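Note that the structure is predicted; figures quoted are calculated from it, not measured. Just so you know, ligand 1 is whichever comes first in the structure, and atom 1 is the first atom listed for that ligand.
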Amino acid sequence: MKFVYDFAEGNKDLKDLLGGKGANLAEMTNLGLPVPPGFTITTEACQQYLRNGQHVDGLAGEIDTHLEALESAMGRRLGDPADPLLVSVRSGAKFSMPGMMETVLNVGLNDASVAGLSRQAGGNDRFAWDSYRRLIQMFGKTVCDVPGHEFEDALHEAKTAKGVTDDVQLDAEDLRALVTAYKKVFVKHTGHDFPQDPREQLDLAVEAVFRSWNADRAVLYRRQERIPTDLGTAVNVVAMVFGNLGSDSGTGVAFTRDPATGEQGVYGDYLANAQGEDVVAGIRNTLPLADLEQLDKTSYDELMRIMATLEGHYRDLCDIEFTIERGKLWMLQTRVGKRTAAAAFTIAAQLVDEGVIDLDEALTRVSGAQLAQLMFPRFDLSGSPESITRGVGASPGAAYGQVVFTSQQAVEVAAEGRPVILVRRETNPDDLPGMIAANGILTSRGGKTSHAAVVARGMGKTCVCGADDVAVSQDSFAVGEAVVREGDVISIDGTTGRVYLGEVPVRPSEVVQYFEGDLDPAHANDPLVAAVHRLITHADEKRRLTVRTNADTGADAARARRFGAQGIGLCRTEHMFLGDRRELVERLILARNETERNEALVALQPLQRADFLEIFREMNGLPVTVRLIDPPLHEFLPSLEELAVKVAVAHEHGRHVEHDEQLLAAVRRMHEQNPMLGLRGVRLGLVIPGLFAMQVRAIAEAAVALAAEGGNPRPEIMVPLVGAVQELETVRAEAEKIISEVAGSSGVRILIGTMIEVPRAALTAGQIAEAAEFFSFGTNDLTQMAWGFSRDDVEGAFFWRYLELGIFGISPFESIDADGVGRLVTIAAEEGRAARPGLKLGVCGEHGGDPDSVHFFHQVGLDYVSCSPFRVPIARLEAGRAAVESEGSDHR
Ligand code: ADP
Ligand code: MG
Ligand code: MG
């Protein structure tokens, strides 16, 4: 196995092996751009190092060979006292993990070669000692775990002693003294001297990069970002070039377009007489990149040319690190740059306009997650509100409210109709009521997988967590100077993680306005809106999946239709039993005989018919899947505690409350240990005579009424919780009789199908398909029953721990578990279609609007996904992307 690649041997497609940085350094080298020579040690070497307990057969020899080649290319030997070659040792994994793994510059310097370096630089002692002290500092911190602040303290002391504020004001003597101070820090923490052997420095640095793959922070980051743990990092060894040689040298970063908005232009920062990280570290004030034109026109022009080359080559926004050494430009890094959601859309559309990419490719450059971000309301920052801190943006959205510190206060304040932000050090399951009541949640501890973050995302609630400079006490919290007391108002941004004092006005998303068809004229020419329009239109042309919505009311149906829904995949009927209709449900439950029961059903039926008619009208011409009643009936009764208290109080006062007593008895009788697994769904239909019949009749009558108005109703009746074909057959026989009675000659056709949400249904799909004209996967229940996770309990109770342990990277209720639950879907789809060709297949669980799940459903070959109205555009986009992606893989 080959472990080391010269830059000339690699290319940008070898990211798995060479890491992102190494692959792109190789690509730039092969493009003929000025990259300092060097080589890359592969991720496979790192994997072996970590697996075999720190030894890799043959690696040392390969490094020897490549180092010799580098030395002869440069005409210098590593650490040669007279004329040293220096190198940087840089980590670089496949996925960029910002700030996770570090770099050591100036490797090869020691007490002897520092003089040689000075001579190389024309007797520049200051430069040589500055480089040396940087090496000890970076090596100490990265390779030997010396606390970084000790070096910073020593540097600070040196400046104070001299009465200066800026590093550049320290002269050669000061820096030589600083090296002595740094060496003392080094010995104190490591128990040995700073290694003087250049090759030992190099080997130790390489191994430290390998080991840093398993550093706590890196492990945590990978878990949060769902990056596989076994990839390993590559290591790049690069000949040093120096930006700290004087005012004709410097270092900078650049973007080929504005990463915030996508606008074309010159973006970046430059810092003269500086090395490495100085630009981003904020040590000194940087110059805008455009100013480089005045300072060094030749280098500036060359940089502009190179940036154009890179954009043309990568066909995307690139970010760049460069150094100028005495008027000579060197490229040190490039990659396809990170960008905001808005910029992703704008840039993709711009690149299409410029003829760089086609619309198919543009679709691969954006994502449903980014579109979702653009659909959240945002803070209007035009008033420059004061941001007091920044935590982890854990669940997007913009929320403001009165600060409270306990779950109970949150419930109380919310009950008064006021918005609340619940502030906690961290949350636990006891905080659930307060989290539900709050508009937003702010915690000072925990990351994206903490309890607060997981639960808030599950609820679609704004959450900022891990704001670790927030000191939470009983009735106030402090951030730096600011103290925020209970009752004060703050605003939190769950996308950026920012926290603001006071109420920041929230403005609706223009992307939502666009979908709703009521775009503020001020945004009519907004490039972002235009970009979203183009990409979603193209997605619609490409996608094979139809996108429906979950909607229970005419209003929801209308809104979803504006968002592009092509029908309703799930219309829940249970809300039609709530409000003032509860009384009828109570009558149904308490009925002592068939007559009383029929009376209650007869009273409910016209109400249901009116509900259906409204929805069918809104979805005229499009399919509407109506699910027959699903929840256990006792859910419609008051709670046991409530009734028991009411009855007890009445008895104490000697009052007779017959109705409540009957209800109480019914609640006791109907109590279930596991209601989710109890008398619900199709079981209700089979046990309570007339219940389903009433609903079927209401559906058929509503459809006939719409047809009579000249409309085109397309109802589909869906039976929930079926596990055996016999259940469905029984319901079907009764329903068909009613339908032919009601709709016989009207021309209205009504499909009858079932949900697949019990694992047994998935496993016997071939049989069930005999009695079903369609399947709709209820992936919430299917997940619940496949995993045995009570979905109302587990997310709050322990999912945070499962996520922390990496048992799954994302809640299986959020994104479909392709291996387990997805397998049930695949089996059911295949066996169902085998039994009944043309069987219509859809999904109506929450997963229908989840980007990754949409791709999965596309691959399985479902006909449609159904999701909440707001997720419809996201599903449309992702379905288009899935189609483009699978075309791409068919070609290959
Ligand atoms: P990161 O991944 O954190 O950006 P890098 O490996 O890119 O780390 O290096 C950190 C800094 O050091 C960057 O500013 C980079 O440009 C600079 N640097 C790295 N290698 C060299 C080199 N051979 N010569 C000069 N500067 C370098
Ligand atoms: Mg870098
Ligand atoms: Mg269900």
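Here L332 has side-chain heavy atoms under 4.0 Å from ligand 1, and that is the only part of it that gets that close. In L105, the part holding a heavy atom less than 4.0 Å from any atom of ligand 1 is the side chain. Proximity of M240 to ligand 1, defined as any heavy-atom pair under 4.0 Å, is shared by backbone and side chain alike.
Closest to atom 21 (C) of ligand 1 by heavy atom, among G243, A93, S88, is S88.
Every atom of ligand 1 is numbered from 1 in the order shown, and the set under 4.0 Å from a heavy atom of V241 is 24 (N), 25 (C).
Taking the ring centre of F139 as origin, the terminal cationic atom of K141 falls outside the region bounded by 6.0 Å and 45° from the ring axis.
Side-chain contact annotation: S387 with R498, donor-acceptor N/O pair under 3.5 Å present. No hydrogens or angles considered: a donor-acceptor pair under 3.5 Å links the side chains of N106 and Q275.
Under a 4.0 Å heavy-atom criterion, A239 is in contact with ligand 1. For the pair K21 and ligand 1, a heavy-atom separation below 4.0 Å is found.
Using a cutoff of 4.0 Å between basic side-chain nitrogens and carboxylate oxygens, K188 and E150 are scored as salt-bridged.
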- Task: Could you give me the CA-CA distance, side-chain angles and deciding distance for V499 and R390, then say whether side-chain contact (heavy atoms from CB on, under 4.5 Å) is met?
- Result: CA-CA 6 Å; V499 180; R390 181 172 193 171; over 6 Å; no
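An angle of 80° is found at the Mg ion (ligand 2) between E321 atom OE1 and Q333 atom OE1, rounded to 10°.
Across all non-hydrogen atoms, the minimal contact from T43 to D16 is OG1-O, 2.7 Å.
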